[in-house]
Structure formats: C-alpha cells, structure tokens
Amino acid sequence: MTECGRDGRRCWTSPGGFRPPQYRTRDAAAPLRATVIEACMRDQGWTRKEGL
C-alpha cells in the first residue's frame, strides 16, 4: 500500500498482506438441470416430494 502526505510529494510504501486465492466448486448448470428434470417429471405425470 502506498500513502502520500498532503503535499503529494512525500510518499511511503508499507508491505501489503498476502491473501491466498480461494477456490470453490460451483455447478453452473444446476439451476437449468433442476428445471429440465422438473419439466420432464411433470410431463410424465410425476411430482417431486421434498424430504424423501
């Protein structure tokens, strides 16, 4: 991080903290897949019941 005084001429740099990257697993197709499954089940006369 670099900071400067009010006059803008005197600047100093202090070390910044390193933060390692964070990786996560995400299924980008999950919402579309759920919609397609629900439509297919509905077309066949089935419904999904939660909690089973």
Side-chain angles (χ1 to χ4, degrees):
M1 174 197 292
T2 300
E3 297 180 65
C4 297
R6 288 186 183 187
D7 62 3
R9 295 179 187 200
R10 288 180 290 153
C11 298
W12 61 95
T13 302
S14 59
F18 174 75
R19 293 191 323 199
Q22 295 180 354
Y23 300 98
R24 297 181 185 152
T25 302
R26 180 171 88 86
D27 184 357
L32 178 59
R33 184 172 33 260
T35 301
V36 170
I37 290 171
E38 292 295 326
C40 182
M41 289 177 64
R42 186 176 53 249
D43 290 348
Q44 302 284 324
W46 294 86
T47 58
R48 181 179 291 198
K49 291 189 177 184
E50 297 297 325
L52 295 179

Q: Among residues at least two apart in sequence or on other chains, which ones pass salt bridge (Lys or Arg N to Asp or Glu O under 4.0 Å) with D43?
A: none
Q: Could you go through residues 29-41 and list every donor-acceptor pair under 3.5 Å that involves a side-chain atom there, pairing it with any protein atom two or more places apart or in another chain?
A:
residue: R33; atom: NH2; partner: D27; partner atom: OD1; Å: 3.3
residue: R33; atom: NH2; partner: D27; partner atom: OD2; Å: 2.1
residue: T35; atom: OG1; partner: P31; partner atom: O; Å: 3.0
residue: E38; atom: OE2; partner: R48; partner atom: NE; Å: 3.2

Q: Any disulfide bond (SG atoms under 2.5 Å apart) involving residues 1-39? Give me the pairs, sequence neighbours left out, ordered by first then second residue.
A: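 Non-adjacent pairs meeting disulfide bond (SG atoms under 2.5 Å apart): C4-C11.
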Q: The criterion is salt bridge (Lys or Arg N to Asp or Glu O under 4.0 Å); which residues satisfy it with R10, sequence neighbours excluded?
A: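 D7.
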Q: For Q44, what residues pass the side chain to side chain contact (heavy atoms under 4.5 Å, CB included) criterion, not counting sequence neighbours?
A: W46
